[in-house]
Protein chains: 2
Amino acid sequence: MRETKLSELEKLCLEKGLKMTDQRKVIAQVLSESADHPDVEQVYQRAHNQDHRISLATVYRTLKLFEETGILTKHDFGAGRARYETSDDDHHDHLIDITSGQVIEFTNDEIEKLQRAIAEKLGFNLVGHKLELYAIPGKRGKKKE
Amino acid sequence: MRETKLSELEKLCLEKGLKMTDQRKVIAQVLSESADHPDVEQVYQRAHNQDHRISLATVYRTLKLFEETGILTKHDFGAGRARYETSDDDHHDHLIDITSGQVIEFTNDEIEKLQRAIAEKLGFNLVGHKLELYAIPGKRGKKKE
DNA sequence: CTAACTGCAAAGCGTTTGCGATGAG
DNA sequence: CTCATCGCAAACGCTTTGCAGTTAG
């Protein structure tokens, strides 16, 4: 799966005439290995840890590039900085635990359907959406921190 | 309705020991008269138009203050700047026409209910949410620009 | 070889803040 | 009077960019 993602990435780069530099390889790998939704600074630190030649500017440029090619998805969870995740095939929304910043992914077909219906009723074609639930752990069965 | 909102605002200011300056009055009025979801720059221009003594810094400070008192709601529709609207009693979500930036408000009880259910199923208590639909006008019956 | 890429440092952009002056209560 | 508030300009945090050197293809 990891290798799949990487070669897919390289394929895309070739298609676009992009060069597969060491920096891009490392950044791509960092992201494919990150289950959380890291912000730019976190990506930079993880990448820089593996290869000191990677600068913050390159991380910014690479993340933007990957986002444009559709490899990554950029999120704004409201803390001032952008956070990234690999664009999975299956769409999902996010629940943000405001006590820890942890992000939990979920899917719900019913909501998806409702959204399309609402847009159409208003005379629009839905091209994207953002659904974020901000919540605090319930009394029992809360996830361990 | 407009007067109601203003006097309500003044009441809140008194309660909090805030001073009802001319600047605040003008900014409050500008917002109560704005049906769109103006960004800070727009609020500043509309307010400054009515009273040249209003500075951008005061607009920022006042908007933040009003948001904290619950009079205003701040949104980030993803264009880099914050946008504001008066906190109406009835909750609503937003559909953003990405071709014009126009924002349309809507409500949907079913989605609200689903959101609470999803959070609970994940072991959380919902404390807030954000639902934004990004769309383009449909072929027919599009709103006039 | 050469266009794409990189690191660095400077600039950009929206927003916040320190300061001395002003004014509401 | 006194403390909240104001305007101004400097500072801030995140992100972008100009430039000269480097490198993949």
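Scope of the values below: all heavy atoms of this structure, side chains included, with no hydrogens, waters or symmetry mates. Each chain gets a letter, A, B and so on, in the order the sequences are listed, and its residues count up from 1.
With rounding to whole Å, B:L65 atom CG is found 14 Å from C:dT17 atom P. In this entry the distance linking NE2 of A:H48 with C1' of C:dT6 reads 13 Å, nearest Å. B:Y44 places its OH atom 14 Å from the P atom of D:dC6, with the value rounded to the nearest Å. Regarding A:R83, its CZ atom lies at a distance of 13 Å from the P atom of D:dC14, rounded to whole Å. In this structure, B:D22 atom CG and C:dG25 atom P are separated by 10 Å, rounded to whole Å. Here D:dC14 presents its P atom at 17 Å from CZ of A:F77, a figure rounded to the nearest Å. The separation between A:E41 atom CD and D:dT16 atom P is 14 Å, rounded to whole Å. In this structure, A:L63 places its CG atom 15 Å from P of D:dC14, rounding to the nearest Å.
Residues A:D93 and A:N108 are not in side-chain contact: their nearest non-hydrogen atoms beyond the backbone lie 4.5 Å or more apart.
Within the 4.0 Å cut-off from OP1 or OP2 of D:dT23, not a single side-chain nitrogen or oxygen of A:K19 is found. The phosphate of C:dT6 has OP1 or OP2 within less than 4.0 Å of a side-chain N or O from A:T21. Checking the phosphate oxygens (OP1, OP2) of D:dT15, no side-chain nitrogen or oxygen of A:K64 falls inside 4.0 Å.
For C:dG12, the base has no donor-acceptor partner in the side chain of B:R81 [N/O atoms by modelled type, under 3.5 angstrom].
Among C:dG25, C:dG14, D:dC14, the nucleotide with an atom closest to any side-chain atom of A:Y60 is D:dC14. Checked against D:dC6, C:dT6, C:dC5, the side chain of A:R61 finds its nearest nucleotide in C:dT6. The side chain of A:A57 lies closest to D:dT17 when the candidates are C:dT15, D:dT17, D:dG25.
Ion pairing between B:R46 and B:D36 holds under the 4.0 Å rule for side-chain N and carboxylate O.
For the pair B:E120 (side chain) and B:A117 (backbone), a donor-acceptor distance under 3.5 Å is absent.
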For a side-chain hydrogen bond (donor to acceptor under 3.5 Å, both in side chains) check, start with the C-alpha distance between A:E105 and A:H91, then their side-chain angles and the critical distance, and finish with the verdict. CA-CA 10 Å; A:E105 305 177 349; A:H91 169 73; over 6 Å; no
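Each of A:H75, A:R83, A:H94 was compared with A:H37 under the side-chain hydrogen bond (donor to acceptor under 3.5 Å, both in side chains) criterion, and only A:H94 meets it.
The residue B:R24 sits close only to the backbone: its heavy atoms come under 4.0 Å of sugar-phosphate atoms, none of a base. Among the heavy atoms of the strands lying under 4.0 Å from B:Q23 are primed sugar atoms or P, OP1, OP2 only; no base atom is included.
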